[in-house]
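In what follows, a single structure is set out as structure tokens and then discussed.
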2 protein chains.
Amino acid sequence: MQDVARAAGVSTITVSRVLRTPEKVKAATRARVVAAVRELGYVPDQGAGALSSRESRLVAALVSTLSGSIFASTVDGLAQSLREAGHQLLLGTTEYSSATEEALVATALSRRPDGIVLTSGDHTTAARSMLAGAGIPVVEVWELPEDPVDMAVGFSNQEAGRAMTRHLHATGRRRIGFVGGGRQAGRGGGRPAAGGGAADGDRRGRLRRRGYEAALAELGLGAPRVVPEPADGSMVERGARDLAALLECWPDTDAVFCSSDSAALGAVSEARRRGIAVPDRLAIAGFGDFEFAGELGLGLTTVSIPGRAIGAEAGRMLLARKSGEPVETPILDLGFTIVRRATA
Amino acid sequence: MQDVARAAGVSTITVSRVLRTPEKVKAATRARVVAAVRELGYVPDQGAGALSSRESRLVAALVSTLSGSIFASTVDGLAQSLREAGHQLLLGTTEYSSATEEALVATALSRRPDGIVLTSGDHTTAARSMLAGAGIPVVEVWELPEDPVDMAVGFSNQEAGRAMTRHLHATGRRRIGFVGGGRQAGRGGGRPAAGGGAADGDRRGRLRRRGYEAALAELGLGAPRVVPEPADGSMVERGARDLAALLECWPDTDAVFCSSDSAALGAVSEARRRGIAVPDRLAIAGFGDFEFAGELGLGLTTVSIPGRAIGAEAGRMLLARKSGEPVETPILDLGFTIVRRATA
DNA sequence: TTGAAAGCGTTACCAG
DNA sequence: CTGGTAACGCTTTCAA
């Protein structure tokens, strides 16, 4: 910056002003500075600027994973809305471990971001207190926590599970099972089904399952039909194996709600292998409306989630809050849509 | 940091040492400092540290998009390998515009990252010179550019196109078409098929198409069969429409190589709609080995790419270079695999 | 409209 | 093993 100042015959602060508030500098001076900047290929150091101005123009996002159709579009939407507002995105992946999340919250905060986005509603107490103490806006996405740290954008996973179960009931099904999610709490054990494409944390899957169970109770459909210990492997494989196990226990099952489209894909495959007519003998519903859901005569009935919009809104809320604007809906429910296709 | 120092009865530099090089501080002192850090909930400011040490522990990644099964796992792999090495990821999305990329290169460099990863092989001259002038390691991923800026990790898209075309030939096909990629250069116009899920830039699609054309020539299979102006819309839709158009022009086509699995999915759907037997009457091959490729009796024959490994390797190369280790293979070909399933 | 001085929170360098 | 001092590159605040 000093080089630029020297070349333009001004002081460094004038260079700074040309870059940040050009209208406050006389046109002639500005032109000289701009020329010098170009000439020297000067790229300002935002880190130094942040240190001085106490504004980093950085937003951190902590997601469990990017693989597997779930959060990628949310991050994409977030990155885009931040870019348009001149902010940058610091990304961390927690791999579904809240211990890792806690560590990442610390490293993220050490960059002094102007805000932070989390794709998880449950945090360690240490993480929560760091977040609260950071004094920056926090947005939790993809669910609507009962006890949000600050703001939230998402939808009710429980309502989604309930709604789909009721949809299955409305189409005449009475013996409805649940596949591919909701590992028992306290079960411990390894990370949730890796690779899969649908894993989005036990927590949310459990919420959808709770909605399923609530609907069963409301509708008087008897006890839940869930295989106790989900298989390992990818979500697709798990959907297949869970369905097999489920039919083992309850052969008369006439519908299953799968915790993700990937699991539903596996379940549909398994049903076809067994010669079970879908949906005539067995209705299958998914969750997520992944790319493949509408294709191939598969026509998967599923729940569609506005993933990209969630990210974009999170960015907007964060920046609004930062610039002091009041955020009218700090807990924003973007809802979900039941997409009725062929399988249910 | 001063507060911590005061609380522990030491100087700030000792606090710094406890945090960065604990072994250089006497155990007793260290314990006092650690206690004070915990007590006060002190989180060091890495930005300030970076300014002082000229080491940001930040790596920037510029990808075209995260949506759509292509780069998500690469970014995931990168984030993970960086995290394990104590570095953080700064993410930007270019939305397939090299003008946006140029702007993002500038903003990324303004954070003084220790390295930068790009999912594109073509950059504006301005971008190239900024990258070269930054004096940091650069890794281009997902292709092996002829004229790399610095290092590269990926595979040959052209070879992949050639290999799959030869595979189709080896299975007896002689009238082979190409679907779903390779918009004509210089055509201008809007961004490449959005949403799709398979779009990974015109450039790489074009390379695969070039490989397809090379194979046709080598094998004496006549002129390429490509519809001149690809349809808009999602990649899946585009695959369907392109196939329809292709069969319009060359009704006797007996195989198509689709530039992505999404396009192949659309093509398979279209073929089924038309009652065309796959693969008996028409073989269909994809690219990418997306999650759905192996399922549903679809059994899509495709090309599998080690996306996650590409990201992980990119991180490793970057950090190796940074720490002065020699990088034995600055242009790393991770190859591809032809996955033969049912459709071809 | 422009500039000088004083930091921002940390680490490098050199002493002790 | 520990500390003082001087940066790092920028912006804020106050003057001119």
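Letters A, B, ... are given to chains in the order of the sequence lines, protein chains preceding strands, and every chain is numbered from 1.
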Do [X] and [Y] have side-chain atoms, one donor and one acceptor, less than 3.5 Å apart?
| X | Y | result |
| --- | --- | --- |
| D76(A) | T74(A) | no |
| R57(B) | Q88(B) | no |
| R112(A) | Q46(B) | no |
| H123(A) | E102(A) | no |

Outer limits of DNA chain D sitting under 4.0 Å from a non-hydrogen atom of chain A, read 5' to 3', are dG9(D) to dT12(D)
Taking atom C1' of dG9(C) as reference, at what distance in whole Å does atom CG of L109(A) sit?
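Between C1' of dG9(C) and CG of L109(A): 16 Å.
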Quick one: M1(A) CE to dT2(C) P, roughly how many Å, whole number?
14 Å
Carboxylate-amine/guanidinium contact D45(A) R111(B), below 4.0 Å
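No salt bridge links D45(A) with R111(B).
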Using 4.0 Å as the upper bound for N to carboxylate O, is an ion pair formed by R128(A) and D147(A)?
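Salt bridge between D147(A) and R128(A), a charged N being under 4.0 Å from a carboxylate O: yes.
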Hey, does R17(A) reach any base, or is it just sugar-phosphate, or nothing, if we go heavy atoms under 4.0 Å?
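The residue R17(A) makes base contact.
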Side-chain donor or acceptor of S52(A) paired with backbone N/O of A48(A) under 3.5 Å:
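No.
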Side chain T107(A), main chain A103(A), donor-acceptor under 3.5 Å:
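Answer holds: yes.
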Mind listing the residues from residues 37-47 of chain A sitting with a heavy atom below 4.0 Å of DNA chain C? Number order is fine.
none
Tell me which residues in residues 22-35 of chain A put a heavy atom below 4.0 Å from DNA chain D, sorted by number, or none.
none
Value for CG (D114(B)) from CZ (R54(B)), rounded to nearest 0.5 Å, stands at 11.5 Å
Roughly how far, to the nearest 0.5 Å, is the OG atom of S120(B) from the CD atom of E140(B)?
7.5 Å
R30(B): salt bridge (charged side-chain N to carboxylate O under 4.0 Å, His left out) partners, not counting sequence neighbours:
none
OP1 or OP2 of dT11(C) less than 4.0 angstrom from a side-chain nitrogen or oxygen of S16(B), does that happen here?
yes
Where do N or O atoms of nucleotides 5-8 of chain C meet protein N or O atoms at under 3.5 Å, pair by pair?
from   : atom 1 : to     : atom 2 : distance (Å)
dG7(C) : N2     : S52(A) : OG     : 3.0
dC8(C) : O3'    : R54(A) : NH2    : 3.0
dC8(C) : O2     : S52(A) : N      : 3.3

Just report the end-to-end axis angle for the helix from dT1(C)-dA16(D) to dG16(C)-dC1(D), five pairs per end, to 10 degrees.
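One end axis against the other gives 30°.
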